[in-house]
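In what follows, chains are A, B, ... by sequence order, proteins preceding strands, each numbered from 1. Computed over heavy atoms, backbone and side chain alike; hydrogens, waters and symmetry mates excluded.
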Amino acid sequence: MTQAVHDAPAGAARRINLGAVAPFLALILICALGAAANARFLSFDNLTNVLARSTFIATIAVGQTLVITGGGLDLSVGAMAAFVAGLEILFLNSGLIENATLLIVSAMALSLAVGALCGLFNGLTTTVGKIEPFIVTLGTMGIFRSLLTWLAQGGSITIRDSEVRAAYRQVYFGDLFGVPYPVLVIVGVAIVGAFILTRTAFGRRVRAVGSNEDVARYSGIGVARVRTLTYVLQGLCVAIAVVIYVPRLSSASAATGLGWELMAITAVVVGGTRLKGGVGRVWGTIAGALILEVIGNIMLLSNVVSEYLIGAVQGAIIIIAMLAQRLARNR
Amino acid sequence: MTQAVHDAPAGAARRINLGAVAPFLALILICALGAAANARFLSFDNLTNVLARSTFIATIAVGQTLVITGGGLDLSVGAMAAFVAGLEILFLNSGLIENATLLIVSAMALSLAVGALCGLFNGLTTTVGKIEPFIVTLGTMGIFRSLLTWLAQGGSITIRDSEVRAAYRQVYFGDLFGVPYPVLVIVGVAIVGAFILTRTAFGRRVRAVGSNEDVARYSGIGVARVRTLTYVLQGLCVAIAVVIYVPRLSSASAATGLGWELMAITAVVVGGTRLKGGVGRVWGTIAGALILEVIGNIMLLSNVVSEYLIGAVQGAIIIIAMLAQRLARNR
Amino acid sequence: MSTASAPNQPQPDSSRGRLGRGESEFVLEAVGLSRSFGPIEVLGDVSLDVCAGEVHAIIGENGAGKSTLMKILSGHLSPTRGALKLDGAAVDLAGPVDAERRGIVLVHQEIMLAPDLTIAENMFLGREIRRGLVLDDREMNRRAFEAMRVFGVEAPVNLPVERLSIAQRQLAQIARALTVPHRVVIFDEPTASLTPVETAALLRLIGDLKARGVAILYISHRLEEVKAVADVVTVLRDGKKVATRPAAGLEPVDMARLMVGRDLLALYPPRVAAPSAAPFLDVAGFGADGFAEDASFSVRPGEILGFSGLVGAGRTELFEALFGLRKGAGAIRLDGKPQQWRDARAAMRAGAVYLTEDRKGKGLLLEETLATNLTLAALDGFQRGPVVDRAGEARALDTAIQRFDIRVGDKGLNAGQMSGGNQQKLLLAKMMLLDPRVVVIDEPTRGIDIGAKQQIYRFIAAMAGEGRSVIVISSEMAELIGVCHRIIVMRNGRIAGEVEGEAMTEHAIVVLATGVDATAGEAAT
Amino acid sequence: QQAKTIAVSVPTADHGWTGGVVYHAMQEAKALEQRYPGLKVIVKTSPDAAAQANALEDLTTQGIDALVVLPHDPNVLTDPIRKVKQKGTFVTVVDRIADDHSIYDLYVGGDNPGLGARAAEYMKKAMPNGGDIVVIRGLPIPIDKMRVDAFNDGLKGTKINVIDSQFGNWSRDDAFKVMQDFLTKHPKIDAAWVQDDDMAVGVFEAIAQAKRTDIKFVVAGAGSKDMVKRVMDGDPMMPVDVLYSPTMVAVAMDVTALGLEDKIPVRGDYILKASLIDKANAKDFYFKDSPF
Ligand SMILES: Nc1ncnc2c1ncn2[C@@H]1O[C@H](COP(=O)(O)OP(=O)(O)OP(=O)(O)O)[C@@H](O)[C@H]1O
Ligand SMILES: Nc1ncnc2c1ncn2[C@@H]1O[C@H](COP(=O)(O)OP(=O)(O)OP(=O)(O)O)[C@@H](O)[C@H]1O
Ligand SMILES: [Mg+2]
Ligand SMILES: [Mg+2]
C-alpha cells in the first residue's frame, strides 16, 4: 500500500493538468486550422492584432472567472465598460488638468475607481439584497447602458483634444520591445488573477463559497463579503479593459461593449471554469478568450464561408472545440 | 414531538404558497404603478395588447422553465424563433398548397416539427455530447441565426401572398368571445406546462434531475432522456410562439427574436424558478413575462422618463420587484 | 413502507435459510472481490455470502472498505477483480438500477435524496404511482407517511428533504429502499444518525424482514447493536477479510479486537471532575425561530456538557441559532461579557466553534483536497503575507492525520473520496485548528469506528482538561453518559430537564426525552 | 382649438446614426412645442422591430393625432403602421418603407439605394482603371441589403472588383476588427466602401495602425460631423462622404406639424437626395453641436 501511496499524487496531478491544458490544446488545434486556411494567419502582425484585440474580453473574463467561481454571474460587464469608458472620456474632455500625461493617468485612476464602485454596487445588491445575480446584473446592465446613452445624448463621446488623443493612443498601439502593451496587460492580469485564485486565502474562500455556501458559512467565512469582493474585482477588470479600449478608437457610444458579457462568460466556460461555481481556471479563461477571437479572425481571413453563414460556423466550431476538450480530458 | 412535527409542515406550506404568489404580488404592484402613471393603462385595449404581446416571451419562457428546472439552459430560443419563423414563411411562400387555410395549418405543423427538431439537437448535444448547455445553446444560437440570415440573404423574409397574409393575421389579431387568441395560447401553454411539471411523472423526474443528478440516476431515471425531452418541449414552445408571431408582422429577419433568450430567462427567474435547477414554477414564469412586458408598456405610456434613461428605469424596476418579492416571501 | 404492504415482493423459498449455511442457500455471494481507486487497492480479495432470512454484519475500522464492498454488491461500483453470484449463478450488475431490479437494494451511508423533492417524491422517484397520466400524490404521500410511521416518526412527507433533519433524511432513505421490491437489503450505517428510539424501531423492522426471508447485510460501528441483530459477522481490516464468525458468542470486545487487531483499552477515559469555576459560557432564554424556545444553560471551563433528545428535539437548531447560523435570539455571555454572534465568524473570533452534524452538506467541501478542507476555517493562521502557506498546510495535515488517526491512502484525495468516518475525523481536526475555548460538537462520533471513538472521547476529555468548555450533542446516550459531567435533555424544542452524576442513566434520559415513563406507564412531566 | 398630439417612434440610439435621429427628433419636438402652443410631441424609442410594433400600439392607446415613424424594419412594421392609419391617425413614415405605399400619408425618406449608388459612382470616377476594393456592411437587415445591392449594381461593367465583403454591424469596434483582418488578408487594397460613418472611425484606426499606403481612400456614408469635418479639411483618405442625414426625422416632423396645425396639404413622398459631400460643399453639412 505504501508503494501505491507514492504513485497516486502523480496520477491525480496528471489528470488535473490535462483538464487545465485542454483549452490550450483546443486553441492550438484551432490555430493549426487557421494556418491551413491562410498563410498570413501566423504572421507576426496578425497574431499581435488578434492578441491585442482579445485584451478586452480576456481581461473582463478574468474578473468573470472569479465571480463565477464564487457562485455568481455578471451580465453587466459590457454595459459597465461602456459606462466607464464614457465617464473616462468626459473626464479627458473636461480639461481639468493641463498636462496631458497627468490627465491621462488621472483618467485611468478615475476609471478604476468607477469600475470598482460599479462592481461594489452589483456585489452588494446580490449579497445583501439576496437577489439572483442573474437578475441584479441584468438590471444594472440596463442601468449602465442607459446612463451612457444619456451621457452621450444618444450619440458618441469622443476625445476632443487631439494632443491627448495622440498621447493616449500609445497605450493601445504602443509596445515594449515589440510586445504590444495590450498583450502585456493580458499577461499581467492573468498572472494576478491566477495568483489571487490559487495562491491567496481570498481565492481559496472564493472557491469554497462557490463550491458549497453552507460549508463556507459554517467555516466562518463571510460569504457576502467574499462574493461582493469578487464583483469589485470584476469591476476593476472591466476598468482595466476600458483603459486599454478607450485609446483604440478614442470614443464610446451606446454600441460599446455590446455583447461582451456573453463573450466573457463563454471564454470562462470554454476555459474550464464550472458555471455553477467552485472550480475556476484563470489561464483556461485566457485560452478561451483567445479561442473566441481566433475563430473570428480565421473566419475573416478564410474565403470559404459565405458572409451570411459565419455565425453558424463560429457556433459549430465552439461546440466542436468543447467536444474535443472533453474527449481529451476523458482520455 | 408530535406537536412540533405537525406545526412544521403547515408553517412551511404557508411559506411555499407565499413564494408562489410573490411574483403575482409584484405584478399587481407594478400594474398599480401603471394605473397611476396613465389612466389608459387599465383600458381593455391596452391590457389585451400587452397580454397578446407577451405571448411570445411567455410561451418560450414556459419551455425555458422546464429546461432550467431540469438543470439546463437554452440561450438559442431567440435565434431558433427567427429560424423557425423564416422556414415557416418560406413554406407559406412556396405555394405548395392551394387552399389558404390548409396551407397555413401545414405551415404551423411544419413549424412545430422544426422547433422540436431544433430542441432535440440542443438536447442531444448537451446530454450525449456532455457539454455545458450554456456553450451548446450559445453555439446553436449562432447557427440558427446565421441560417436565417442566409435564407433571407441578409434581408428579410415576408409573406408574399396578401390573401394568405390576411387569413393568417386572424391568428394573432382574432379573438374568441373577445379574448384574443394569443391570450388563449398563453393560458393553454401555461396550463399544459404546469400540468407537466407538477402532475406528471415526467415533470417530477425533471425536478429530480435538476435537483440532484446522481440521485436521479440511481433511481433509474434516464437523466439524458429526461433532459433531452425538456429541450424538445422548449423547441415546441418556441414553435408555438412563432406560429403566433408570424401572423403579427408577417415577416422575419436577422433581427427577429433578438434578445428573447435573455427576456425568457429573466421571466423564468423573476417567476421564482431556481436558475440552478430543481425548483420550477410555470405560473410564476407567466407572471414574470407579464411583469417584463408591463414595465415596457408603462415606460411607453408615461412621459416622465427621458428617452435615454428608459433602460435604467426598467433595470431598476426589475431589481426592485425582485427585492419586494423576497421581502414578501421572508415575512 | 411497512413490510407487509409490498405486494410484488419476490417470495422467499422457505426451504432455504434456516437449514444452515450450505452453498445452495446463498442468495448473494461475492467471490474474491478486489477494488482499486487509481493505484490504491482498497479492497483485496474479499469473499462474502448471505443467506435468505439472515443478517450478516460487516464491521471494520473507518476506511476498512465496508462501503466500497457494499457499493460493489449493489452495482454502484464495479470490482477490479472478482465476481458476484446471485442465487448461485454468476451475475454482472450493470448498475444500481439493474441491482434493484434484481431485488438488491442499498441504503447508502451518505444521504442520497434529491434535496428539492419531498420525502414522498423521493421515495417513489422513478416508480411513481399514477392514475392514468396523472401522479397520485395523495396515495404516495399516504404511503410515505405510513412508511415513516414504522419508525415512530410522523414525518412531514410533503416538505422538501432539504428542510428535514439528518435523522429524518436517514429514515426517509431507509423507507425509500424498502419500497423497492427487495430480497437483499444492504444497510450501510443506517443508525449512525438515529437516536435509540428510532434505532430500536429499525431493529424491529429488520427482524420482520428477516422473518420474511430477506437477506440482510448490515454495517454499523455500534457493536452492541451488531450483537443484537446479526447472525453472522464479517470483519474487514485494511481492505482484507479478517474473519467471518457466527454472531452467537462473539462479544463486542471480541469484535473490537478483531477490527483493530489488538486489545482495546476502556472505551471511555477516566472521569475527571470538572473544576468548580464560574460559568464560562452562559446562555439565557435563547430560542431558534420555530425550533427551540427559551433555552437557558451554562458551562464551566473544563466541563463537558451533554445534550440529549429525540430526533427533532431541536438541539441542532438551538446551537445553530446560537452561533448565528440561523435565525434566533437570546442572551449569550462568554466569560461574563455579553456576546452578539451574527455569524459563525463572530463566534470563532470570540473563541467558540460549532461542529456540524451534517458533514457532507455543511462540514466539508467534497471536491476539495484534505488540506484545503482542514485549514478552511483557520485560514488566517496559514498565511505568509497574502499567500497561503502550503507547506504549513501540509504540516498541519500530517499532524491532524496523526492526532485524529485519519486513514487515507493518499493525502492528495478529495474529501469526498474518503470513507465516511474519516470525513468526520477531518471535520473535527478542521475545527480544532481554531484552538477554541468553547467547543460544541454535534454528533461527534457519527459513523466512527470504535477505536477512533475511543480516541475522540479521550480527545474530548483532554480538551476539557485544558480548561475548555465542551458541549457534546449526541443521540448515543451511552457515550454522553460515558464522557459528560452533566446532560441536558431536550424535548419539543425546550429543555426538559438535566441529569448529573449518578443520575445519568439511559432510563432517566429516555424519560425526560419522551415525556413518558415507560416503567410507570404515565407522563413524567 | 383642441390640443393635438404628434407621436414620434424611432429606433433606440444604438449607434451613431440612430443616435443622431433621436437627438434631432428630441430637438425638433422641443422646437415644435414652442412654435405651436398646445401641440404635444412625444418621442419614443424602441430597441428592435418587435418592440417598435408594441410601441405603436401603446402610442395609439394614448390617443394621438399624427404619427411620425422611422421603422426598424419596414417589412415587419407594415402591418402595425397600417393599424395606426386605420384608426384615422395621420401617418408619416421616415426613411424606410416596404412595397406597400398605402400605409402612410406622408413619406420623408433618405435614399437608401441612392447611398449605395452615389458611393459606386464616386468609385467609378476615382478609379477609372479599376481596382480592388473591400466592403464593410451594416447589419443583415433590409436597408443594408438595399444599399449594398445598389452599390454592386453601380459597379457592374467596371473593372472595380469587390474582393471582400463582411458585416461590421454598424459598430466601430467590429469595423476595426474586420478592417484589420482585411488588411492582413489582402496585400493590396485600393479603396474601401464602409457603409456608415461610425464604422469608418474604426476603419481609419485600423489603416493607420497597419501603416499601409496602398489604400487610396475610403468612402463612407451618413454625414456625421466627424467625417464631414475630414472632408472639409481635405483629408485625402476621406475625399467624399455620402449624405444620409439623420435630420430627415426633423424634416418629417416639421412637415407633419405643418399639415396638422397650419392645415397645409402635405401628403406625398419627399425624398431627400443622397447627395455627395465633397470638399466644396462640406461646410453646408457640418453641424457642430449635433451628437452625430
Ligand atoms: N472515489 C474514491 N477515490 C479514491 N479513494 C476512495 C474513493 N472512495 C473510497 N476511497 C477510499 O477507499 C477506502 C475505503 O473506503 P470505504 O468508504 O469503503 O470505507 P468504510 O469501511 O466504509 O469506512 P467508514 O466506516 O468510515 O465508512 C478509503 O481509504 C477511501 O479513502
Ligand atoms: N430547514 C427546515 N425547515 C423546516 N423544518 C425543519 C428544517 N430543519 C429541520 N426542521 C424540523 O425541525 C425539527 C427539529 O430539527 P432536528 O431534528 O435537526 O433537531 P435535533 O434535536 O438536532 O435532532 P437531531 O437528533 O436530528 O440532531 C424537526 O421536526 C425537523 O423536521
Ligand atoms: Mg463507509
Ligand atoms: Mg441534530
Side-chain angles (χ1 to χ4, degrees), chain B residues 38-41 43-50 52-54 56-57 78 81 89 145-146 148-150 152-160 162 165-166 169 172-173 245 247-260 263 293 296-303 306-308 310-311, chain D residues 5 7-13 19 22-23 25-26 29 40-63 72-83 87 98-100 137-149 165 167 169:
Chain B
N38 190 324
R40 284 170 203 262
F41 173 78
S43 69
F44 180 78
D45 274 0
N46 188 55
L47 289 183
T48 50
N49 274 347
V50 172
R53 229 183 248 177
S54 61
F56 319 131
I57 299 299
I89 298 176
R145 198 165 287 291
S146 269
L148 175 78
T149 310
W150 177 70
Q153 286 296 302
S156 63
I157 311 179
T158 306
I159 304 183
R160 275 201 303 261
S162 60
R165 205 159 158 159
R169 262 178 66 88
Y172 184 83
F173 293 102
Y245 174 83
R248 179 170 169 207
L249 304 175
S250 303
S251 88
S253 77
T256 299
L258 216 58
W260 283 6
M263 290 187 70
E293 207 61 64
N297 180 248
I298 294 176
M299 287 292 101
L300 275 157
L301 290 184
S302 79
N303 293 314
S306 144
E307 273 318 299
Y308 298 131
I310 284 190
Chain D
T5 306
V8 182
S9 168
V10 294
T12 307
V22 177
Y23 172 82
M26 301 216 315
K40 203 168 133 208
V41 184
I42 309 168
V43 180
K44 290 291 173 192
T45 61
S46 311
D48 57 55
Q52 195 170 17
N54 296 345
L56 293 186
E57 284 178 359
D58 290 345
L59 287 168
T60 324
T61 306
Q62 289 199 44
H72 263 279
D73 181 338
N75 290 324
V76 171
L77 286 153
T78 301
D79 282 336
I81 294 173
R82 195 201 321 277
K83 258 184 96 185
K87 294 221 158 143
D99 304 333
D100 191 343
R137 313 177 54 165
L139 276 169
I141 60 171
I143 41 173
D144 172 79
K145 198 166 150 56
M146 284 187 240
R147 295 172 180 184
V148 173
D149 288 349
S165 161
F167 289 102
N169 306 326

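- Between the CZ atom of B:R53 and the OH atom of B:Y245 there is a distance of 13.5 Å, given to the nearest 0.5 Å.
- Ranked by non-hydrogen atom pairs under 4.5 Å with chain D, the options B:R169, B:R40, B:M299 are led by B:R40.
- Of the inter-residue distances, the one linking B:I159 atom CD1 with B:R165 atom CZ reads 6.5 Å to the nearest 0.5 angstrom.
- Only the side chain of B:T149 comes within contact range of chain D, with heavy atoms under 4.5 Å apart.
- Contact of the D:P80 side chain with the D:E57 side chain is not registered, since no non-hydrogen atoms from C-beta on lie closer than 4.5 Å.
- Neither side chain, B:S302 nor B:N38, offers a donor N or O lying under 3.5 Å from an acceptor on the other.
- The aromatic rings of B:W260 and B:F56 lie parallel to each other, with less than 30° between the two planes, well short of the 60° mark.
- With a 4.5 angstrom heavy-atom cutoff, B:L258 touches chain D only via backbone atoms.
- Per-residue counts of heavy-atom pairs under 4.5 Å with chain D were compared for B:L301, B:T158, B:T256; the largest is that of B:L301.
- Of the atoms belonging to D:D58, heavy atoms from both backbone and side chain fall under 4.5 Å from chain B.
- In this structure, the portions of B:Q153 lying under 4.5 Å from any heavy atom of chain D include both its backbone and its side chain.
- Within the 4.5 angstrom heavy-atom criterion, atoms from both the backbone and the side chain of B:N297 approach chain D.
- The choice from D:V43, D:L77, D:V148 that makes the most heavy-atom pairs within less than 4.5 Å of chain B is D:V43.
- Side-chain contact between B:F41 and D:T61 is absent, with no heavy-atom pair separated by less than 4.5 Å.
- Interface residue D:T78: only side-chain heavy atoms are found under 4.5 Å from chain B.
- The candidate with the highest count of non-hydrogen atom pairs below 4.5 Å against chain D, out of B:S251, B:S253, B:G296, is B:S251.
- Looking at D:M26, the atoms closer than 4.5 Å to chain B (heavy atoms on both sides) all sit in the side chain, from C-beta outward.
- Using a 4.5 Å cut-off between heavy atoms, B:Y308 touches chain D through its side chain atoms alone.
- Taking the side chain as every heavy atom from C-beta outward, D:T45 and D:P11 never approach each other to under 4.5 Å.
- The closest side-chain heavy-atom distance from D:L139 to D:D144 is not below 4.5 Å.
- For the pair B:I157/B:L148, a side-chain contact is recorded, criterion being any heavy-atom separation below 4.5 Å from C-beta on.
- Of the atoms belonging to D:V22, heavy atoms from both backbone and side chain fall under 4.5 Å from chain B.
- Residue contact with chain B, scored on non-hydrogen atoms closer than 4.5 Å, involves the backbone and the side chain of D:N54 alike.
- The parts of B:R248 that come within reach of chain D are both its backbone and its side chain, each placing non-hydrogen atoms under 4.5 angstrom from that chain.
- One N or O on the side chain of D:K44 and one on the backbone of B:L300 form a donor-acceptor pair closer than 3.5 Å.
- Note: D:K83 leads D:K83, D:M146, D:H72 in heavy-atom pairs under 4.5 Å with chain B.
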